[in-house]
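A short write-up of the structure that comes next.
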Amino acid sequence: MAMNSERVFKGLQQAPHRSLFNALGFTEEERNKPLIGIVSSYNEIVPGHMNLDKITEAVKLAVAEAGGMPVVVPAIAVCDGIAMGHIGMKYSLVTRDLIADSTECLAIAHAFDGMVCIPNCDKNVPGLLMAAARVNIPTVFVSGGPMLAGRIDGHKTSLSSLFEAVGSVSAGKMTEEKLCEYEEKGCPTCGSCSGMYTANSMNCLTETIGMGLPGNGTIPAVYSARIRLAKKAGYAVMKLIEKNIRPRDIMTKDAFMNALALDMALGCSTNTMLHLPAIAHEAGVDINMEVANEVSSRTPNLCHLAPAGPTYMEDLNEAGGVPAVMSELVKKDLLNLDCMTVTGKTVRENIEGAFNKNPEVIRPIDNPYMQSGGIAVLKGNLAPDTGIVKKSAVVPEMMVHEGPARVFDCEEDAIGAILGGKIVAGDVVVIRYEGPKGGPGMREMLNPTSAIAGMGLGSTVALITDGRFSGASRGASIGHVSPEAAVGGPIALVEEGDIISIDIPNNSLNVKVSDEELAKRRANWTPREPKVTTGYLSRYRELVTSGNRGAILEIPRA
């Protein structure tokens, strides 16, 4: 099989190219080996990435030992926790496409024969998966692994507890001294934050799709087993080159259906409903939200990891990790076991012998938390194209709810009202003009959801937005409402006091206003001036599509 790297290594005209590799210190012997790009997201600003230098070195060593020529190249990442609640959050989702684009550029411009992608937190997992699908050279993923849970008063805790604690202090339910203890102990190690938040959700789903080795999603960042997994990833990419197994051989429709099933069983972040369609789009596979509801209807929810419950990623790992969850789903024939994976083996071969080691962490499939999945896709006159809710993190009394709309045109105004005691039991907080175009950048609303929970309103107040939610959010938090307000979606027409009806079991979201009244309001609606008119966010706003399409970028049609 001809190698891509022959374009820069072989032939008379490649003498200048070889000279530049000489300048890099590579020998003739190394130039005769497959050129493997190790795409490392290492940096010193994201806690989940501060250990990736060690992961990178382990991969590099293994690739060289297995007969490859490893070269390390960068990928950027934003820490959603640090970016939360200010203008920085506008720059989170948008990096997914920057990462995909820049990795595509690096891989093709330098004629890589294979890649090992080393992501961890949030957007660089889907961004690198999108790039892998585009470039379609043999590729293996190995994440940096999850953080260990914090310990306070003998109980495990995590970042979501910190955000909720702020609300508790504002409500007079917690002292500032106790908040300081949470601050000191909530995030005790490096790694992606310890609950089933977006980073861990996507790393587990990477494993499920078949692009990461078993253990990719759950082995804690500080465990030496993570270093060993990195070495195995380096060996694995060389085997994939030998067998010519490429990402699009792995990322098939059946693989994405497997991922949706695991998504529902694990109770993953609602952000997966943005990322899976976007990754699938790059792989030439169509995943729509209606498909997600179909999968949810037949897939029981087996896990309640934080913020939905008191268990954490380290607990899931000890219970057998993703293979153990898959072993439960197999009992009801909910997976396609013939899908190829980066091990060079099928899903069936990979999970052979896997079993559930802790039924308190992974419920047996005949005793689930819910008979349907952890995520629900809602539709109605308020969300004609869909809205998303993590129903596994919604208390029973909020599964069906009606209440008056409290309308805010940005996140900051809503937080001020919540912390100022202006939101009361029964209210439905509506935050709009925060969608992909309206934000721009579709900010996460962890601050308002955490403030609601921390102030003791989590079982009586709902929140609806055309923005999105962190995986750390819990409660009746409905996001991705499409069409968004910025393009004239019905959420733009809601007025203070309108009664909003939420029925999660029946997948519906409506505002109790007549069609005639909505039409009258629409006739009087005018588009808002863009919040950002320069720089990358402005370009992003012009190209981004709606949340129900995964917020993919698309050149506008004339």
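By convention here, the first residue in the shown sequence is residue 1.
At a cut-off of 3.5 Å, with distance as the only test, a side-chain donor of N271 or E444 sits close to an acceptor on the other residue. In the model, S201 has no side-chain atom that pairs as donor or acceptor with a side-chain atom of S269 under 3.5 Å. For S546 and N548, the side-chain atoms include at least one donor-acceptor pair closer than 3.5 Å. N350 and R348 form no side-chain donor-acceptor contact under 3.5 Å, judged by distance and modelled atom types alone. Checked by atom type, the side-chain pair S372/K391 shows a donor-acceptor distance below 3.5 Å. Side chains of D122 and T198: no donor on one and acceptor on the other come within 3.5 Å. Side-chain contact annotation: S501 with N510, donor-acceptor N/O pair under 3.5 Å absent. With no hydrogens or angles considered, no side-chain donor-acceptor pair links D385 and S482 at under 3.5 Å. A donor-acceptor contact under 3.5 angstrom links the side chains of S92 and D80, judged on distance only. Counting only N and O atoms by type, the side chains of Y197 and S160 include a donor and acceptor under 3.5 Å apart. Judged by distance alone, the side chains of T346 and E349 do bring a donor and an acceptor atom under 3.5 Å apart. Defined by atom type and a distance below 3.5 Å, a donor-acceptor pair is present between the side-chain atoms of N120 and N203.
Atom OG of S473 sits about 9.0 Å away from atom NZ of K390, to the nearest 0.5 Å. In this structure, SG on C193 lies 11.5 Å from OH on Y312, to the nearest 0.5 angstrom. Here R226 contributes atom CZ and C190 contributes atom SG; the two are 10.5 Å apart, rounded to the nearest 0.5 Å. Note that CD1 of I219 and CG of N317 are 6.0 Å apart. Values are rounded to the nearest 0.5 Å. Interatomic distance, CE of M89 versus CG of L93, reported as 9.5 Å (0.5 Å rounding). Note that CE of M257 is 10.0 Å distant from CG of N336, once rounded to the nearest 0.5 Å.
Of the possible donor and acceptor atoms, none in the side chain of T272 sits under 3.5 Å from a partner among the backbone N and O of C268. Within the 3.5 Å criterion, the main-chain N or O of G373 finds no donor-acceptor partner in the side chain of R298.
Using a cut-off of 4.0 Å between Lys/Arg side-chain N and Asp/Glu carboxylate O, E65 and K33 are scored as not salt-bridged. E328 and K331 are joined by a salt bridge, as a carboxylate oxygen and a charged side-chain nitrogen come within less than 4.0 angstrom of each other. Under the 4.0 Å criterion applied to side-chain N and carboxylate O atoms, D315 and K156 are assigned as salt-bridge partners.
Other residues, nucleotides and ligands contribute only 12 or fewer heavy atoms inside 6.0 Å of the CG atom of D333.
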> After noting the C-alpha distance and the side-chain angles of M340 and I245, does the key distance pass the side-chain contact (heavy atoms from CB on, under 4.5 Å) rule?
Replying inline: CA-CA 9 Å; M340 180 52 62; I245 298 174; 4.0 Å; yes
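Each of N258, D254, T208, T299 was checked for a side-chain contact (heavy atoms from CB on, under 4.5 Å) with L335, and the lone residue meeting it is N258. If you run side-chain contact (heavy atoms from CB on, under 4.5 Å) between I137 and each of N4, D113, I108, only N4 comes through. For the side-chain contact (heavy atoms from CB on, under 4.5 Å) test with M196, the passing option among C303, C204, S392 is C204; the others fail.
Between V59 and A230 the shortest heavy-atom distance is CG2-O, 3.4 Å. Between N293 and V377, the closest heavy-atom pair is ND2-O, 2.8 Å.
Aromatic ring centres of H304 and Y369: separated by under 6.0 Å.
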